[in-house]
Amino acid sequence: MSQAYSEAIVYTSSEDGFLLEGVYMRPADGPSRPISIVWIHGNASRFSDYPYVLIGRALAAAGYPFISANTRGHDISTMM
């Protein structure tokens with residue numbers, strides 16, 4: 001049985017070379033809905049926290065493209 005969505009870990013760099021990570025999920029078959037979801041967490045979280053992944057998978061299975069990504073300094077409060 002095939003999954004109703006696909007997912008991929010994605011990376012990009014800012015203009016000053018700061019690496020940012022995220023996950024992109026999309027419906028596997030058929031058309032996507034005309035709205036995409038961008039999920040940005042708080043400063044003490046990560047894009048890959050389990051609840052966010054579950055939400056993304058459910059939305060992608062329902063037809064919504066979904067991206068969850070880290071922001072600059074996303075762990076800053078856990079490092080102090």
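Bear in mind that the values here come from a model prediction, so they are computed numbers and not experimental data. Along the sequence shown, residues carry numbers from 1.
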Student: Got a donor-acceptor contact below 3.5 angstrom from the R33 side chain to the A60 backbone?
Tutor: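 Side chain of R33 to backbone of A60, a donor-acceptor pair under 3.5 Å: no, none is there.
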Student: Keeping S13 on the side-chain end and G17 on the backbone end, is there a donor-acceptor pair under 3.5 Å?
Tutor: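 Checking the backbone N and O of G17 against the side chain of S13, no donor-acceptor pair under 3.5 Å is found.
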Student: In the single-linkage hydrophobic clustering (I, L, V, M, F, W, Y; side-chain heavy atoms under 4.5 Å), do Y50 and Y5 co-cluster?
Tutor: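 Not linked; separate clusters.
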Student: For residues 9-19, which residue pairs pass the salt bridge (charged side-chain N to carboxylate O under 4.0 Å, His left out) check, not counting sequence neighbours?
Tutor: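 Checked against salt bridge (charged side-chain N to carboxylate O under 4.0 Å, His left out) - neighbours excluded - the pairs reaching residues 9-19 are D16-R72.
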Student: Shared ILVMFWY cluster between I67 and L19, side chains joined below 4.5 angstrom?
Tutor: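 Shared cluster, no.
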Student: Assess whether atom OH of Y64 is packed by more than 12 heavy atoms of other residues, nucleotides or ligands within 6.0 Å.
Tutor: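 No.
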Student: Could you tell me how the ring of W39 sits relative to the ring of Y52: parallel (under 30°), tilted (30 to 60°) or perpendicular (over 60°)?
Tutor: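 W39 vs Y52 ring planes: tilted.
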Student: Under a 4.5 Å side-chain heavy-atom rule over Ile, Leu, Val, Met, Phe, Trp and Tyr, are I35 and L59 clustered together?
Tutor: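 Same cluster.
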Student: Examine distances only and state if a side-chain atom of S68 and a backbone atom of F47 form a donor-acceptor pair shorter than 3.5 Å.
Tutor: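 Yes: the side chain of S68 pairs with the backbone of F47.
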Student: Looking only at heavy atoms, what is the nearest atom pair of V23 and V10, with distance?
Tutor: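 For V23 and V10, the tightest heavy-atom pair comes out as N-CG2, 4.0 Å.
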Student: If hydrophobic clusters are built by linking Ile, Leu, Val, Met, Phe, Trp and Tyr wherever their side-chain heavy atoms come under 4.5 Å apart, do Y11 and F66 end up in the same one?
Tutor: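 Yes; F66 is reachable from Y11 via cluster members.
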Student: Tell me, do T71 and I40 make a side-chain contact under 4.5 Å, heavy atoms counted?
Tutor: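 Yes, at least one pair of side-chain atoms sits under 4.5 Å.
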Student: Hey, could you give me the CG/CZ distance between N70 and R46, rounded to the nearest 0.5 Å?
Tutor: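 Interatomic distance, N70 CG to R46 CZ, rounded to 0.5 Å: 8.5 Å.
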Student: Going by the rule side-chain contact (heavy atoms from CB on, under 4.5 Å), which residues pair with V53 if we only count those two or more places apart in sequence or in a different chain?
Tutor: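 Expected list: M25, R57.
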